K.L.:
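This is the structure I want to talk about, given as structure tokens.
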Number of protein chains: 2
Amino acid sequence: MADKSNTQEKIIESATVLFLEKGFHRTSVRDIASRAKINISLMNYYFRSKEILFETIIDLLIGGAVSSLKEILDSDLDLNEKIRQYINKYIDLLISNPLLVSFVLAILNHSPDKISKLKVTDSLYNTEKFANQLDEENSKGNIRKVDPEQFYLNMLSLIAFPFAVKHVINEKNNFSNEAFNDFIIKRKDIIYNTLISSIKP
Amino acid sequence: MADKSNTQEKIIESATVLFLEKGFHRTSVRDIASRAKINISLMNYYFRSKEILFETIIDLLIGGAVSSLKEILDSDLDLNEKIRQYINKYIDLLISNPLLVSFVLAILNHSPDKISKLKVTDSLYNTEKFANQLDEENSKGNIRKVDPEQFYLNMLSLIAFPFAVKHVINEKNNFSNEAFNDFIIKRKDIIYNTLISSIKP
DNA sequence: GTCTATACGGCGATAGAC
DNA sequence: GTCTATCGCCGTATAGAC
């Protein structure tokens with residue numbers, strides 16, 4: 001049994017640093033092994049493949065954040081307040097993990113069959129309660145009629161896409177990482193106002 | 001000399017099919033060579049690398065579409081009409097090349113240093129005239145004050161992001177490719193209305 | 001110029017000895 | 001649990017035939 005989970009931890013620690021630094025494709029299992037000072041094949045012993053190791057790390061990184069996003073969506077909050085909180089929490093999550101969007105998109109692109117297995121994409125499903133709430137608010141005359149699926153996609157697009165093109169934004173505007181974060185934080189209000197004004201009766 | 005450009009064309013034809021079918025990472029140069037019935041090293045002879053071949057194909061696929069997008073943005077059209085045309089043309093382009101967004105994001109993620117060399121990303125730069133137009137319309141009192149950079153990013157996000165998560169959307173809603181296209185075409189109006197209502201005074 | 005054959009170093013993964 | 005050895009791929013480079 002020896003060090004039990006110590007080796008596993010070393011792999012995760014090293015892999016996390018490298019994945020965050022260079023992304024999935026540019027990090028090799030040999031890189032990970034040499035940084036963790038372990039034998040290459042131990043990576044395959046503890047995790048069955050590089051991809052599973054990667055997904056494990058993603059899930060660890062974002063922790064309960066994704067499920068708390070789902071909680072907001074499923075809560076009984078007032079519609080406006082729900083949208084506000086959802087945007088804020090999502091953007092905070094992505095600011096803490098700026099490569100998350102690219103990672104998830106890379107996986108979706110690389111192995112589309114694994115979509116439903118990814119915990120990260122959980123938040124994209126089960127938007128039923130939110131959809132019902134939009135329908136109800138409309139029938140009360142509080143908001144315009146909207147396709148909930150389209151509205152939710154609008155919200156997601158406005159929140160997530162900028163992180164997918166972070167490099168382009170930074171290069172175009174000569175942004176540092178800090179300047180990018182400032183730019184993104186300003187988006188909290190912008191996205192909220194954009195979404196709300198689009199459903200105002 | 002033989003068939004002159006015939007070999008080159010065969011490579012491009014085969015590679016296009018495979019890239020569109022399986023994406024960049026899952027297509028090997030050996031796949032391409034065997035499908036084109038040519039020697040592996042000819043790929044390196046005509047194109048210097050797999051990546052350059054890929055970029056060449058992307059540029060061929062989207063042809064003048066990207067530059068015509070830039071033309072719209074730089075035109076003297078009325079703001080509303082400009083936004084409308086830009087959305088419509090962009091979405092038509094992406095419907096014709098549904099993998100384009102994923103491809104570009106994959107390249108951005110894989111080799112961020114090549115951003116400015118990609119012709120496809122040209123459309124993301126030089127939005128100066130559009131920015132000025134937004135400022136002018138605001139000073140005339142026709143629209144609310146907006147950060148042009150944020151507004152343009154909103155537009156781009158709403159247009160492009162859905163294509164990056166096409167697989168998820170299709171799986172969630174049990175969409176066929178046709179149903180996805182219908183869903184996207186409906187977005188032309190939705191995106192227009194969302195953007196316009198966000199700047200209405 | 002065009003093409004073939006072949007080889008190089010690196011990759012992710014695995015079988016099997018200890 | 002750990003390590004060595006090795007497998008079958010990959011993208012790329014090059015020597016040399018036509």
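Letters A, B, ... mirror the listed sequences (proteins, then strands); counts begin at 1. Keep in mind that this is a model prediction, so the values were computed, not measured.
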K.L.:
Send over the distance from Ile11(A) CD1 to dG1(D) C1', rounded to a whole Å.
P.N.:
11 Å

K.L.:
Considering non-hydrogen atoms only, spot the tightest contact between Lys129(A) and Asp76(A) and give its length.
P.N.:
NZ-OD1, 2.9 Å

K.L.:
By nearest atom, which of the nucleotides dC3(C), dA13(C), dT4(D) is closest to the Lys50(A) side chain?
P.N.:
dA13(C)

K.L.:
Among dT12(D), dT2(C), dT2(D), which nucleotide has an atom closest to any side-chain atom of Val29(B)?
P.N.:
dT12(D)

K.L.:
Centre-to-centre under 6.0 Å for Phe175(B) and Phe180(B), is that the case here?
P.N.:
no

K.L.:
Counting side-chain heavy atoms from CB outward, which of dA13(C), dT14(C), dG1(D) is closest to Ser41(A)?
P.N.:
dT14(C)

K.L.:
Determine whether the aromatic ring centres of Phe24(A) and Phe103(A) lie less than 6.0 Å apart.
P.N.:
no

K.L.:
Write down the distance between CE (Met43(B)) and P (dT12(D)), rounded to a whole number of angstrom.
P.N.:
6 Å

K.L.:
At less than 4.0 Å, is any side-chain N or O atom of Ser28(A) found next to OP1 or OP2 of dC11(C)? Yes or no.
P.N.:
yes

K.L.:
If you define the side chain from C-beta out and look only at heavy atoms, does anything of Asp59(B) sit under 4.5 Å from Val66(B)?
P.N.:
no

K.L.:
Rounded to whole angstroms, how far apart are CG on Asn6(B) and C1' on dG1(C)?
P.N.:
15 Å

K.L.:
Can you tell me which nucleotide in dC3(C), dG11(D), dA5(C) comes closest to the side chain of Leu42(B)?
P.N.:
dC3(C)

K.L.:
From the list dT14(C), dG1(D), dT2(C), which nucleotide is the closest neighbour of the side chain of Asn44(A)?
P.N.:
dT14(C)

K.L.:
What is the distance, rounded to the nearest whole Å, between atom CG of Asn39(B) and atom P of dA7(C)?
P.N.:
14 Å

K.L.:
Phe47(A) has an atom CZ; how far is it from atom C1' of dG1(D), in whole Å?
P.N.:
14 Å

K.L.:
Indicate the atoms forming the closest heavy-atom contact of Pro201(A) with Asn142(A), along with that distance.
P.N.:
CG-O, 3.1 Å

K.L.:
Quick one: does Arg30(B) reach the base of dG11(D) with a side-chain donor-acceptor pair under 3.5 Å?
P.N.:
yes

K.L.:
Within this structure, what is the CZ-to-P distance between Phe54(B) and dG11(D), rounded to whole angstrom?
P.N.:
13 Å

K.L.:
Over how many whole Å does the gap from Leu18(B) atom CG to dG11(D) atom P extend?
P.N.:
11 Å

K.L.:
How is Ile40(B) classified with respect to the nucleic acid when contacts are heavy atoms under 4.0 Å: base, sugar-phosphate, or nothing?
P.N.:
base

K.L.:
Go through dG12(C), dT2(D), dA13(C) for me and flag the one nearest to the Tyr46(A) side chain.
P.N.:
dT2(D)

K.L.:
Quick one: His25(A) NE2 to dC10(D) P, roughly how many Å, whole number?
P.N.:
15 Å

